[in-house]
There are 2 protein chains.
Amino acid sequence: MSTPGTAQLAPRARVVELLERRGVTATQQRVEVGQVLFACPQHLSADQILERVLAMGARVSKATVYNTLNLFSERGLVRTLSIDGDRQFYDPTTAPHHHFYNVDTGELIDIPADALALASLPAPPAGTAHERIDVIIRVRSS
Amino acid sequence: MSTPGTAQLAPRARVVELLERRGVTATQQRVEVGQVLFACPQHLSADQILERVLAMGARVSKATVYNTLNLFSERGLVRTLSIDGDRQFYDPTTAPHHHFYNVDTGELIDIPADALALASLPAPPAGTAHERIDVIIRVRSS
DNA sequence: CACAAGGATGAGAATTGTTCTCATTCCATC
DNA sequence: GATGGAATGAGAACAATTCTCATCCTTGTG
């Protein structure tokens, strides 16, 4: 069984390497946020991340969590998901992939890119270039 | 040229029919919101809808606009889109289709369902059933 | 046509997720 | 160690949305 109150974390060294590879200064708080975020493939809200960082005994503010997540997002370390209007989720998996979203439970599940073939992509509107494609398959508990 | 201050509106009769077909009581305010919303294929925020309803000389409150849009959404009269975390957009086109989203301008453009082939849909997770599929192609001004 | 009953509306307060402010703290570099 | 610019944090500010609840309509019924 797992130690109570101790969640699985990504090793500091791995997080530091990830950040530095993207030119992000690896400060105390950023690394701690990263340890939570990059622990495993998952979908966490800012609040959940704050909670877990505090639970690991670290000291971080809400402002820093948001600053950090926005920075990570800009630098491609995390993918920001807007599924409903309520809040955003942060997805440590940045390689192309898609999502199931259970509208009843709020659960998000990854769909590997190769499990969903997108044939015949339409050309982007004049003067624009593709940036990323999000497919969300909404499902409901039956 | 168009009459200044007079936006294009869906005819009352058509809106009333749409609402009644879905079992929605066609009250004054709901019809007015519908006249704005169903005027043409478009993507409006709640604020924009409120603005336009007021601009047509009607009297509606913010609360009623939200109540109405949520009701329309439940009854399948409108599709609610969450593209970024900022606000929701309401799309009168309820038939399957997808969207381009320009991250620089915020512009949303419809993609007809048949312009984008989804091959090999993954099976929904156990105990769930497909509800709807949203494809958002993010583009950036180049 | 009056009228009750339940639904709809609206003004503004409340909530919630996120951003902002700016004084303090940290940290890489000299 | 000093130092300057970046990072942090407490809490205020903000914006979209929801809630509250008193008032107003509608609609069906006698």
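Sequence lines set the chain letters: A, B, ... in the order given, protein chains first and strands last, and positions in each chain run from 1. Being a predicted model, the structure only gives us computed values, none of them experimental.
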Could you state the CZ-P distance from A:Arg87 to D:dT17, rounded to the nearest angstrom? 16 Å
Can you figure out which of C:dG10, C:dT18, D:dG11 approaches the side chain of A:Ala46 most closely? C:dT18
Taking the nucleotide of DNA chain D with the nearest heavy atom to each, does B:Thr25 or B:Ser45 sit closer to the 5' end? B:Ser45
In terms of hydrophobic clustering (I, L, V, M, F, W, Y; side-chain heavy atoms under 4.5 Å; direct or indirect links), are B:Ile83 and B:Tyr90 co-clustered? no
Within residues 28-39 of chain B, those residues having any heavy atom closer than 4.0 Å to DNA chain C are B:Gln29, B:Arg30
With nearest nucleotide decided by heavy atoms, which residue, B:Tyr90 or B:Ala26, maps closer to the 5′ end of DNA chain D? B:Tyr90
Taking NZ from A:Lys62 and C1' from D:dA13, how many angstroms apart are they, rounded to a whole number? 11 Å
Nearest-nucleotide comparison on DNA chain C, the residue closer to the 5′ end among B:Gly85 and B:Ala63: B:Ala63
Do B:Val24 and B:Val53 belong to the same hydrophobic cluster, where Ile, Leu, Val, Met, Phe, Trp and Tyr are linked whenever their side-chain heavy atoms lie under 4.5 Å apart, directly or via other members? yes
When B:Thr64 is tested against each of B:Gln28, B:Arg30, B:Gln29 for side chain to side chain contact (heavy atoms under 4.5 Å, CB included), which residue passes? B:Gln29
I want to check something: taking the side chain as every heavy atom from C-beta on, are B:Ile137 and B:Leu116 in contact at a cut-off of under 4.5 Å? yes
Rounded to whole Å, please give me the gap between CG in B:Asp86 and C1' in D:dT17. 13 Å
Classify the side-chain pair A:His98/A:Asp134 by whether it contains a donor and acceptor separated by less than 3.5 Å. no
Nearest-Å distance for atom pair CG/P, residues A:Leu69 and C:dG17: 14 Å
Among the candidates C:dT19, C:dG10, D:dG9, find the nucleotide nearest to the side-chain atoms of A:Asn70. C:dT19
With a 4.5 Å cut-off on side-chain heavy-atom distances among I, L, V, M, F, W and Y, is there a chain of contacts connecting B:Val36 to B:Val65? yes
Look at B:Tyr66 and D:dT17 and indicate whether a side-chain polar atom (N or O) is within less than 4.0 Å of OP1 or OP2. yes
Provide, to the nearest angstrom, the distance between the CD atom belonging to B:Glu74 and the C1' atom belonging to D:dT18. 14 Å
Which nucleotide in D:dA7, C:dG10, C:dT9 has an atom nearest any side-chain atom of A:Thr27: D:dA7
Is there a path of hydrophobic side-chain contacts, each under 4.5 Å between heavy atoms of I, L, V, M, F, W or Y residues, that connects A:Val135 with A:Val103? no
Separation of C:dT18 atom P from A:Leu81 atom CG, nearest Å, is 12 Å
Taking CZ from A:Arg59 and P from D:dA10, how many angstroms apart are they, rounded to a whole number? 7 Å
Taking CG from B:Asn67 and C1' from D:dC24, how many angstroms apart are they, rounded to a whole number? 15 Å
Counting side-chain heavy atoms from CB outward, which of D:dG9, D:dA16, C:dA11 is closest to B:Ser61? C:dA11
Nearest to the side chain of A:Asp47 - C:dG17, C:dT18, D:dT8? C:dG17
